[in-house]
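A quick note: this is a predicted structure, and the numbers were derived from the prediction, not measured. Both backbone and side-chain heavy atoms feed into the values below; hydrogens, waters and symmetry mates do not.
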Amino acid sequence: MAQRPLLIAPSILSADFSRLAEQIGEAEQNGADWIHIDVMDGHFVPPITMGQMVTETCRRITDLPLDVHLMVNEPDKMLQSFADAGADHIHVHVEASPNIQQSLQRIHELGCKAGVAINPNTPADKVLSLVGLADIFLVMSVNPGYSGQDFISSVLPKVSKLRAASDAHIQLDGGIDAETLPLALEAGGDVFVAASAIFKHPDGIASGIQTLRSSSLEAQKH
Ligand code: DX5
Ligand code: ZN
(Lines give C-alpha, C1' and ligand atoms only; values in the text may rest on other atoms or scores of the structure.)
(Ligands and ions follow the chains in the order given, each with its own letter.)
Protein backbone atom coordinates (compact mmCIF):
# COMPACT_ATOMS: atom_id res chain seq x y z
CA MET A 1 0.00 0.00 0.00
CA ALA A 2 1.35 3.44 -0.90
CA GLN A 3 2.55 5.25 2.18
CA ARG A 4 0.96 8.61 2.80
CA PRO A 5 3.35 11.35 3.90
CA LEU A 6 3.33 11.65 7.65
CA LEU A 7 2.50 15.15 8.82
CA ILE A 8 3.28 16.68 12.20
CA ALA A 9 1.09 19.49 13.52
CA PRO A 10 2.53 21.06 16.69
CA SER A 11 -0.23 22.45 18.90
CA ILE A 12 0.74 25.81 20.35
CA LEU A 13 -1.47 25.10 23.38
CA SER A 14 1.73 24.04 25.19
CA ALA A 15 3.93 26.78 23.75
CA ASP A 16 5.51 29.52 25.86
CA PHE A 17 3.35 32.45 24.76
CA SER A 18 5.92 34.96 25.91
CA ARG A 19 8.12 33.58 23.10
CA LEU A 20 5.48 32.48 20.60
CA ALA A 21 7.17 33.76 17.44
CA GLU A 22 10.48 32.17 18.37
CA GLN A 23 8.83 28.85 19.23
CA ILE A 24 6.76 28.67 16.05
CA GLY A 25 9.88 29.58 14.07
CA GLU A 26 11.78 26.76 15.74
CA ALA A 27 8.98 24.30 14.97
CA GLU A 28 8.89 25.45 11.33
CA GLN A 29 12.66 25.12 10.91
CA ASN A 30 12.59 21.64 12.38
CA GLY A 31 10.01 20.00 10.18
CA ALA A 32 6.58 21.03 11.44
CA ASP A 33 4.02 20.66 8.65
CA TRP A 34 1.02 22.53 10.07
CA ILE A 35 0.56 24.76 13.13
CA HIS A 36 -2.40 23.57 15.23
CA ILE A 37 -4.38 26.26 17.07
CA ASP A 38 -6.69 25.05 19.85
CA VAL A 39 -9.59 27.46 20.21
CA MET A 40 -11.65 26.87 23.37
CA ASP A 41 -14.60 29.02 24.37
CA GLY A 42 -15.25 28.13 28.03
CA HIS A 43 -18.58 26.51 27.05
CA PHE A 44 -17.98 23.53 24.77
CA VAL A 45 -14.99 22.84 27.02
CA PRO A 46 -14.16 24.59 30.33
CA PRO A 47 -11.01 26.56 29.43
CA ILE A 48 -10.83 29.72 27.37
CA THR A 49 -7.66 29.67 25.31
CA MET A 50 -7.14 31.65 22.12
CA GLY A 51 -9.08 33.00 19.19
CA GLN A 52 -8.94 35.15 16.11
CA MET A 53 -6.26 37.50 17.47
CA VAL A 54 -3.78 34.71 18.13
CA THR A 55 -4.62 33.19 14.74
CA GLU A 56 -3.84 36.53 13.08
CA THR A 57 -0.60 36.71 15.03
CA CYS A 58 0.39 33.21 13.90
CA ARG A 59 -0.42 34.23 10.32
CA ARG A 60 2.19 36.98 10.58
CA ILE A 61 4.76 34.60 12.10
CA THR A 62 4.61 31.66 9.68
CA ASP A 63 3.63 30.59 6.18
CA LEU A 64 2.82 27.05 7.35
CA PRO A 65 -0.85 26.05 7.11
CA LEU A 66 -2.75 27.20 10.19
CA ASP A 67 -4.89 24.31 11.42
CA VAL A 68 -7.63 25.81 13.57
CA HIS A 69 -9.47 23.41 15.89
CA LEU A 70 -12.69 25.03 17.10
CA MET A 71 -13.78 23.60 20.45
CA VAL A 72 -16.68 26.03 20.68
CA ASN A 73 -20.45 26.07 20.75
CA GLU A 74 -22.14 27.59 17.73
CA PRO A 75 -19.04 27.34 15.53
CA ASP A 76 -20.89 28.58 12.43
CA LYS A 77 -20.87 32.11 13.82
CA MET A 78 -17.06 32.12 13.89
CA LEU A 79 -16.12 30.58 10.55
CA GLN A 80 -15.85 33.84 8.63
CA SER A 81 -13.74 35.57 11.29
CA PHE A 82 -11.26 32.68 11.54
CA ALA A 83 -10.96 32.54 7.76
CA ASP A 84 -10.36 36.31 7.76
CA ALA A 85 -7.74 35.86 10.49
CA GLY A 86 -5.76 33.58 8.18
CA ALA A 87 -6.87 30.02 8.99
CA ASP A 88 -6.10 27.49 6.26
CA HIS A 89 -7.99 24.59 7.82
CA ILE A 90 -11.00 24.90 10.11
CA HIS A 91 -12.22 21.97 12.20
CA VAL A 92 -15.71 21.97 13.64
CA HIS A 93 -16.83 19.40 16.21
CA VAL A 94 -19.67 17.18 15.02
CA GLU A 95 -20.97 17.34 18.62
CA ALA A 96 -21.22 21.15 18.43
CA SER A 97 -22.66 21.68 14.97
CA PRO A 98 -26.41 21.42 14.38
CA ASN A 99 -25.84 20.94 10.64
CA ILE A 100 -22.34 19.67 10.05
CA GLN A 101 -22.71 19.36 6.25
CA GLN A 102 -23.60 23.02 6.08
CA SER A 103 -20.68 23.99 8.32
CA LEU A 104 -18.20 22.10 6.14
CA GLN A 105 -19.65 23.61 2.96
CA ARG A 106 -19.37 27.07 4.44
CA ILE A 107 -15.71 26.46 5.34
CA HIS A 108 -15.08 25.50 1.70
CA GLU A 109 -16.84 28.63 0.48
CA LEU A 110 -14.46 30.63 2.67
CA GLY A 111 -11.53 29.06 0.83
CA CYS A 112 -10.36 26.78 3.66
CA LYS A 113 -9.99 23.04 4.06
CA ALA A 114 -12.82 21.62 6.13
CA GLY A 115 -12.25 19.30 9.06
CA VAL A 116 -14.71 17.46 11.23
CA ALA A 117 -13.56 16.78 14.80
CA ILE A 118 -14.89 13.76 16.67
CA ASN A 119 -14.76 13.23 20.44
CA PRO A 120 -13.50 9.89 21.78
CA ASN A 121 -16.98 8.63 22.62
CA THR A 122 -18.57 9.63 19.33
CA PRO A 123 -18.79 6.67 16.93
CA ALA A 124 -17.44 6.73 13.35
CA ASP A 125 -21.01 6.26 12.09
CA LYS A 126 -21.79 9.85 13.06
CA VAL A 127 -19.36 11.13 10.43
CA LEU A 128 -19.29 8.45 7.73
CA SER A 129 -21.82 10.41 5.68
CA LEU A 130 -19.23 13.20 5.47
CA VAL A 131 -16.81 11.12 3.40
CA GLY A 132 -16.26 13.11 0.21
CA LEU A 133 -17.09 16.41 1.93
CA ALA A 134 -14.61 16.57 4.84
CA ASP A 135 -10.97 17.13 3.86
CA ILE A 136 -9.81 16.04 7.30
CA PHE A 137 -11.21 13.79 10.03
CA LEU A 138 -9.81 15.03 13.34
CA VAL A 139 -10.12 12.06 15.66
CA MET A 140 -9.74 13.16 19.29
CA SER A 141 -7.68 10.69 21.27
CA VAL A 142 -8.32 12.57 24.54
CA ASN A 143 -11.43 14.35 25.73
CA PRO A 144 -10.93 17.89 24.49
CA GLY A 145 -9.98 20.66 26.88
CA TYR A 146 -6.42 20.15 28.06
CA SER A 147 -3.01 19.12 26.81
CA GLY A 148 -0.94 16.54 28.63
CA GLN A 149 -3.65 13.87 28.97
CA ASP A 150 -3.20 10.15 28.31
CA PHE A 151 -3.95 8.73 24.85
CA ILE A 152 -7.27 6.84 24.67
CA SER A 153 -6.42 3.77 22.60
CA SER A 154 -10.05 2.70 22.19
CA VAL A 155 -10.33 5.30 19.39
CA LEU A 156 -8.01 3.27 17.15
CA PRO A 157 -10.71 1.04 15.59
CA LYS A 158 -12.54 4.24 14.64
CA VAL A 159 -9.41 5.45 12.84
CA SER A 160 -9.23 2.19 10.89
CA LYS A 161 -12.91 2.37 10.00
CA LEU A 162 -12.52 5.91 8.66
CA ARG A 163 -9.36 5.01 6.77
CA ALA A 164 -11.16 2.13 5.05
CA ALA A 165 -13.96 4.49 4.01
CA SER A 166 -12.05 7.63 3.04
CA ASP A 167 -8.96 9.05 1.35
CA ALA A 168 -9.14 12.21 3.44
CA HIS A 169 -6.52 13.12 6.01
CA ILE A 170 -7.05 11.35 9.32
CA GLN A 171 -5.56 13.43 12.09
CA LEU A 172 -5.07 12.21 15.66
CA ASP A 173 -5.15 14.77 18.46
CA GLY A 174 -4.35 14.14 22.11
CA GLY A 175 -1.72 12.15 23.96
CA ILE A 176 0.46 11.70 20.87
CA ASP A 177 4.04 10.81 21.77
CA ALA A 178 6.73 8.40 20.60
CA GLU A 179 4.81 5.43 22.07
CA THR A 180 1.33 6.27 20.76
CA LEU A 181 2.14 7.77 17.35
CA PRO A 182 3.12 4.36 15.87
CA LEU A 183 -0.20 2.88 17.04
CA ALA A 184 -2.16 5.71 15.44
CA LEU A 185 -0.11 5.43 12.26
CA GLU A 186 -0.69 1.70 12.08
CA ALA A 187 -4.45 2.25 12.45
CA GLY A 188 -4.43 4.58 9.43
CA GLY A 189 -3.75 8.08 10.76
CA ASP A 190 -1.50 10.37 8.71
CA VAL A 191 -1.48 13.69 10.61
CA PHE A 192 -0.38 13.90 14.23
CA VAL A 193 -1.05 16.79 16.57
CA ALA A 194 1.20 17.10 19.59
CA ALA A 195 1.39 19.87 22.18
CA SER A 196 3.32 18.62 25.21
CA ALA A 197 5.47 16.07 23.33
CA ILE A 198 6.85 18.95 21.25
CA PHE A 199 6.70 22.15 23.28
CA LYS A 200 7.47 20.49 26.63
CA HIS A 201 10.10 18.07 25.35
CA PRO A 202 12.98 18.23 27.87
CA ASP A 203 15.53 18.73 25.06
CA GLY A 204 13.49 21.32 23.19
CA ILE A 205 11.14 21.66 20.25
CA ALA A 206 13.50 20.28 17.59
CA SER A 207 14.05 17.11 19.64
CA GLY A 208 10.32 16.79 20.22
CA ILE A 209 9.57 16.78 16.50
CA GLN A 210 12.56 14.56 15.74
CA THR A 211 11.51 12.01 18.38
CA LEU A 212 8.02 11.76 16.90
CA ARG A 213 9.36 11.30 13.36
CA SER A 214 11.85 8.65 14.46
CA SER A 215 9.13 6.74 16.29
CA SER A 216 7.22 6.47 13.03
CA LEU A 217 10.27 5.22 11.15
CA GLU A 218 10.83 2.54 13.78
CA ALA A 219 7.19 1.50 13.44
CA GLN A 220 7.40 1.28 9.64
CA LYS A 221 10.35 -1.16 9.87
CA HIS A 222 8.15 -3.78 11.51
C1 DX5 B 1 -7.00 19.00 23.44
C2 DX5 B 1 -6.43 19.74 22.22
C3 DX5 B 1 -5.17 19.12 21.79
C4 DX5 B 1 -4.09 19.22 22.83
C5 DX5 B 1 -3.10 18.14 22.65
O6 DX5 B 1 -8.20 19.52 23.77
O7 DX5 B 1 -7.33 19.68 21.14
O8 DX5 B 1 -4.73 19.68 20.54
O9 DX5 B 1 -3.43 20.44 22.78
O10 DX5 B 1 -2.20 18.17 23.71
P11 DX5 B 1 -1.20 16.94 24.00
O12 DX5 B 1 -0.46 16.68 22.73
O13 DX5 B 1 -0.34 17.43 25.10
O14 DX5 B 1 -2.07 15.78 24.38
ZN1 ZN C 1 -6.58 20.24 19.04
Can you name the nearest heavy-atom pair linking [X] to [Y], along with the distance?
| X | Y | answer |
| --- | --- | --- |
| C112 | A87 | SG-O, 3.3 Å |
| V142 | G175 | CG1-N, 3.8 Å |
| H108 | A114 | NE2-CB, 3.6 Å |
| S81 | Q52 | OG-NE2, 2.9 Å |
| S216 | R213 | OG-O, 2.7 Å |
| L104 | G115 | CD2-O, 3.5 Å |

Report task. Kindly indicate, with the supporting measurements, whether the criterion salt bridge (Lys or Arg N to Asp or Glu O under 4.0 Å) is fulfilled by K77 and E74. Result -> CA-CA 6 Å; K77 292 184 176 167; E74 302 193 81; 2.9 Å; yes

Is there a path of hydrophobic side-chain contacts, each under 4.5 Å between heavy atoms of I/L/V/M/F/W/Y residues, joining [Y] to [X]?
| X | Y | result |
| --- | --- | --- |
| V191 | I118 | no |
| L13 | I8 | yes |
| F151 | M140 | no |
| V116 | L7 | no |
| I136 | M71 | no |

Requested in this report: Let me see the working for N30 and I205 under side-chain contact (heavy atoms from CB on, under 4.5 Å), right down to the final yes or no.
Outcome: CA-CA 8 Å; N30 288 284; I205 293 167; 5.6 Å; no

Report task. Please find out if less than 6.0 Å separates the ring center of H169 from that of F137. Result ->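 Not under 6.0 Å, so no.
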
Query raised in the report: When you measure from the side chain of S166 to the backbone N and O of L162, does any donor-acceptor pair fall under 3.5 Å?
Result: no

Requested in this report: For H93 and E95, indicate whether the former's side chain and the latter's backbone hold a donor-acceptor pair under 3.5 Å.
Outcome: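 Absent.
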
Query raised in the report: Parallel, tilted or perpendicular for H69 and H36, by the 30°/60° rule?
Result: tilted

Query raised in the report: Any idea how H89 and W34 line up, ring-wise: parallel (<30°), tilted (30 to 60°), or perpendicular (>60°)?
Result: perpendicular

Spacing of [atom1] belonging to [X] relative to [atom2] belonging to [Y], to within rounding of 0.5 Å:
| X | Y | atom1 | atom2 | answer |
| --- | --- | --- | --- | --- |
| S215 | L183 | OG | CG | 9.5 Å |
| S11 | I35 | OG | CD1 | 9.5 Å |
| M78 | T55 | CE | OG1 | 11.0 Å |
| Q171 | I176 | CD | CD1 | 10.0 Å |
| Y146 | D38 | OH | CG | 13.0 Å |
| I170 | R4 | CD1 | CZ | 7.0 Å |

Between the side chains of [X] and [Y], is a donor N or O closer than 3.5 angstrom to an acceptor N or O?
| X | Y | answer |
| --- | --- | --- |
| T122 | N119 | no |
| S103 | S97 | yes |
| S147 | S14 | yes |

Compare all side-chain heavy atoms of [X] with those of [Y] and state whether any distance is below 4.5 angstrom.
| X | Y | answer |
| --- | --- | --- |
| I48 | M40 | no |
| L64 | D33 | no |
| P10 | Q23 | no |
| I24 | C58 | yes |
| I107 | D135 | no |
| N143 | I152 | yes |
| L6 | L181 | yes |
| V39 | F82 | yes |

Report task. Answer yes or no: does atom CG of D16 have more than 12 heavy-atom neighbours from other residues, nucleotides or ligands under 6.0 Å? Result ->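 Counting neighbours around CG of D16, more than 12 heavy atoms of other residues, nucleotides or ligands fall under 6.0 Å, so yes.
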
Query raised in the report: Counting only heavy atoms not in N99, do more than 12 fall under 6.0 Å of its CG?
Result: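 Yes - once you tally the heavy atoms of other residues, nucleotides and ligands closer than 6.0 Å, there are more than 12.
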
Does a side-chain N-to-carboxylate-O contact under 4.0 Å join [X] and [Y]?
| X | Y | value |
| --- | --- | --- |
| R106 | E109 | yes |
| K158 | D125 | no |
| D67 | K113 | no |

**Report entry** Verdict with reasoning, L172 to V193, per side-chain contact (heavy atoms from CB on, under 4.5 Å)
**Finding:** CA-CA 6 Å; L172 275 287; V193 175; over 6 Å; no

Query raised in the report: salt bridge (Lys or Arg N to Asp or Glu O under 4.0 Å) between R59 and D84: does it pass, once the steps are laid out?
Result: CA-CA 10 Å; R59 183 71 296 155; D84 290 348; over 6 Å; no

Query - Steps toward side-chain contact (heavy atoms from CB on, under 4.5 Å) verdict (L70, I90) - result: CA-CA 7 Å; L70 295 182; I90 302 180; 3.7 Å; yes

**Report entry** side-chain contact (heavy atoms from CB on, under 4.5 Å) assessment of H43 paired with V72
**Finding:** CA-CA 7 Å; H43 295 282; V72 303; over 6 Å; no

